[in-house]
Each structure stands twice: as structure tokens, then as C-alpha cells.
Amino acid sequence: MLYELYYWPTIQGRGEFIRLALEEAGAAYVDVARMPASKGMGMPALLARLDGGAAHAPFAPPLLRAGETLIAQTANILLFLGPRLGLAPRAEAGRLWAHQLQLTMADLLTEVHDSHHPISGNLYYEDQKREAKRRAADFTGQRLAKFLDYFELVLANNPGRGAYLVGARLSYVDLSMFQMMAGLRYAFPKAMARLERDYPGLSGLHARVARRPNIAAYLASKRRLPFSEEGIFRHYPELDN
């Protein structure tokens, strides 16, 4: 199976959670919008997939095409990919638990985004800077710890003895938590330096994922786009408390 990933070509964003799963599994995939338009790919191919006139048209990237199947929404794509890539439990109960954790992570990701765009995604950050300072202060002072507390507890209570979030083997949820920790460290280095000492399990999980051969090779490659102030995780010093 050759997978086709459709996502914005210059940012990690939500597409990165899917890239990590594909990279860890060594799956064959094409990052369509990063390929030349002259070869029928690039942004024209991505925009064509967003045609609202198509049946079951997606709202926004990321999108994954697997044969004749086109799937949208990060958690939905990972629910589909997990069993096929060996990155999800075999039992239905385990797969639903993994999906639940991924959806909770999506909630956290939304709050990260809203820390720098609390009013509207259609406005520039500079147009809502005052409101962003208030929102970010609440996020780093209250909300972030609630999410990290939860995932640290999930990790500690996992029958897999705290090595992974779901079961006894690595799953796509662990890869997504790696990305969350990396992004939070980039966006809020001061806040994370203060908070992270209370989450040794999550810090250890991040380190274990980073050492996995396929992930380490991906992180060192040009395929791994850098964090930037155009993506979801943005570092504005004035928001880092």
C-alpha cells in the first residue's frame, strides 16, 4: 500500500502526528503537497481534494488516501492506520481506548492553538496579542498541568508497566505524545522547564520514542520540518510564563 498524505507543505501542524506513524512503521507514503505540481502533486492536488462538491468532502487537511479510501481528521486517520501499521492494540477495547486518548490529545492541541489565537484564526497574532497573553497565562498556569497530570496518570496505570500509554507495545498514541512534548517544549520552554520535573514518565516516553531507529532517522532528515511561528506550536516569549 502506497499512502498519500495531504497536508500543508511548509508546517508540521496536525499532519505531523500522521507522518510520525508512517515513519515509525516504515510505510511507503507520499507527502503530496511537498511534491512538484508538474508531477500532478503539490498544492493544486491538495486543493483539489478539498473540493466541497465531492461526496464525503473533507473540511480541512490532513487527509490520507489509501487506495480508493480518503480519510480526514487526524484522530480518525490514526484510528484507521493504527491496526494496519501494527501501532494499535488488536482488541477492539484497546483500539477504542487508544482513540479516546488521541481525541483527548486533540483537545490539548486546540488549547495550544488558542493560546496564541484566542479570538479568531482569521486574525494575525498581532491583532489579538493582548487577549493571547491572558489566554496563554491561563493555559500555562492552569490548563496545561491538568492535561499532563492526566497523561502521566494514564502512563503510570498502564498494565504495560509505564513504558507506553496503551498496552505493552508502542502505539500511535505514544508517537503523538512525543510530538506533543516536543511542541510544548518549543512553544513554552520556560513553562515546561518549570512543569516537566513533575512528569518523569512523559519525559521518559519522549526520550524513548526519539531513540527509536526509524524515528531518529526521520528527525535527522529533511523530511522533518522544523517548528515555526506558522504552525500550531509557536514560540512567542511574551506568552511563555
Side-chain angles (χ1 to χ4, degrees), residues 7-8 10-18 20 59-62 73-76 78 97-158 165-166 172-207 209-210 225-241:
Y7 196 67
W8 309 117
T10 59
I11 61 172
Q12 291 184 16
R14 291 175 174 84
E16 193 67 12
F17 295 90
I18 299 156
L20 285 166
F59 179 72
Q73 292 287 355
T74 302
N76 199 34
L78 291 171
W97 173 232
H99 187 52
Q100 179 177 319
L101 292 176
Q102 190 68 39
L103 289 169
T104 305
M105 224 174 294
D107 292 340
L108 171 55
L109 196 64
T110 296
E111 295 207 22
V112 170
H113 170 271
D114 291 351
S115 70
H116 52 76
H117 275 74
I119 297 178
S120 172
N122 292 323
L123 296 174
Y124 290 110
Y125 164 67
E126 288 74 18
D127 297 326
Q128 50 196 312
K129 197 170 182 178
R130 180 181 299 177
E131 294 83 359
K133 287 182 178 180
R134 292 187 63 189
R135 184 62 179 265
D138 179 70
F139 177 70
T140 58
Q142 302 292 330
R143 297 293 297 167
L144 177 55
K146 290 182 182 295
F147 280 100
L148 295 179
D149 284 347
Y150 173 73
F151 284 109
E152 184 80 7
L153 184 62
V154 168
L155 191 63
N157 288 340
N158 179 28
L165 286 161
V166 179
Y172 66 81
V173 183
D174 301 303
L175 298 170
S176 292
M177 181 51 68
F178 162 83
Q179 177 66 7
M180 288 298 314
M181 294 296 287
L184 289 167
R185 288 173 176 177
Y186 171 80
F188 305 105
K190 287 172 59 178
M192 286 299 286
R194 182 183 75 251
L195 292 170
E196 199 169 339
R197 69 192 69 173
D198 295 328
Y199 307 104
L202 295 178
S203 296
L205 177 62
H206 175 277
V209 170
L225 296 167
F227 289 108
S228 72
E229 277 51 77
E230 294 181 359
I232 295 175
F233 295 103
R234 303 187 184 190
H235 176 58
Y236 296 118
E238 62 271 19
L239 303 185
D240 184 20
N241 300 303

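Below, all heavy atoms of this structure are taken into account, side chains as well, without hydrogens, waters or symmetry copies.
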Requested in this report: Just do the side-chain contact (heavy atoms from CB on, under 4.5 Å) check on V154 and W97 with the steps written out, would you?
Outcome: CA-CA 11 Å; V154 168; W97 173 232; 3.8 Å; yes
Query raised in the report: Given R135 and H116, is the side chain to side chain donor-acceptor pair (under 3.5 Å) satisfied, shown in steps?
Result: CA-CA 8 Å; R135 184 62 179 265; H116 52 76; over 6 Å; no
Report summary line: Sequence neighbours excluded, the answer for side chain to side chain contact (heavy atoms under 4.5 Å, CB included) partners of F59 is none
Query raised in the report: By side chain to side chain contact (heavy atoms under 4.5 Å, CB included), which residues pair with L109, not counting sequence neighbours?
Result: R14, F17, M180, I232, F233
Report summary line: Rounded to the nearest 0.5 angstrom, the NZ-CD distance for K129 and E131 is 12.0 Å
Report summary line: Tested for side chain to side chain contact (heavy atoms under 4.5 Å, CB included) against L103, the lone hit among Q100, M105, H99 is H99
Query raised in the report: CG/D174 to CG/L165 distance, rounded to the nearest 0.5 angstrom?
Result: 5.0 Å
Query raised in the report: Below 4.0 angstrom, N of the basic side chain to O of the carboxylate: do R143 and D138 qualify?
Result: no
Requested in this report: Mind checking side-chain hydrogen bond (donor to acceptor under 3.5 Å, both in side chains) for D149 and listing every partner two or more places apart, or none if nothing turns up?
Outcome: Y199
Query raised in the report: If every non-hydrogen atom of L225 is compared with every non-hydrogen atom of Q12, which pair is closest and at what distance?
Result: O-NE2, 2.5 Å
Report summary line: Quick note, side chain to side chain donor-acceptor pair (under 3.5 Å) partners involving residues 231-241, not counting sequence neighbours, are Y125-E238, R234-Y236
Report task. Return the minimal non-hydrogen interatomic distance between M177 and L202, and the atom names on each side. Result -> CG-CD2, 4.0 Å
**Report entry** Gap between atom CD1 of I11 and atom CD of E16 - 0.5 Å precision
**Finding:** 10.0 Å
Query - Partner set under side-chain hydrogen bond (donor to acceptor under 3.5 Å, both in side chains) for S203, not counting sequence neighbours - result: E196
**Report entry** Within 6.0 angstrom of R134 CZ, more than 12 heavy atoms from elsewhere
**Finding:** no
Query raised in the report: Got a sec: does the CD of Q73 have more than 12 other heavy atoms crowding it under 6.0 Å?
Result: no
Query - Sidechain-backbone polar pair: Q179 side chain, L20 backbone, donor-acceptor under 3.5 Å - result: no
Query - CG-CD1 distance between N76 and I18, expressed to the nearest 0.5 angstrom - result: 10.0 Å
Query raised in the report: Does L108 reach the side chain of H113, with side-chain heavy atoms less than 4.5 Å apart?
Result: no
Query raised in the report: If you take all heavy atoms of S115 and A136, which pair is closest and at what distance?
Result: O-CB, 3.9 Å
Query raised in the report: Taking atom CG of N122 as the centre, does the number of heavy atoms from other residues, nucleotides or ligands within less than 6.0 Å exceed 12?
Result: no
Requested in this report: Grab the two heavy atoms, one from E230 and one from T10, that are nearest each other, plus how far apart they are.
Outcome: OE1-OG1, 3.9 Å
Report task. Taking the side chain as every heavy atom from C-beta outward, state whether F178 and L205 have any pair of such atoms under 4.5 Å apart. Result -> no
Query raised in the report: How about F147 and T104: do any of their side-chain heavy atoms sit closer than 4.5 Å?
Result: yes
Query raised in the report: Do side-chain atoms of Q128 reach the backbone of I119 as a donor and acceptor pair under 3.5 angstrom?
Result: yes
Report summary line: Residues passing the ring pair (Phe, Tyr, Trp, His ring centres under 6.0 Å) test with Y7, sequence neighbours excluded, are none
**Report entry** Within-4.5 Å side-chain heavy-atom neighbours: L195 and L144
**Finding:** yes
Query raised in the report: Less than 4.5 Å apart, any side-chain heavy atom of L101 and any of F151?
Result: yes
**Report entry** Test log, rule side-chain contact (heavy atoms from CB on, under 4.5 Å), inputs L78 and S176
**Finding:** CA-CA 10 Å; L78 291 171; S176 292; 3.9 Å; yes
Query raised in the report: Which pair of non-hydrogen atoms, one from L184 and one from M192, has the smallest distance, and what is that distance?
Result: O-CG, 3.5 Å
Query raised in the report: Measuring from T74:OG1 to Y172:OH, what's the distance to the nearest 0.5 Å?
Result: 11.5 Å
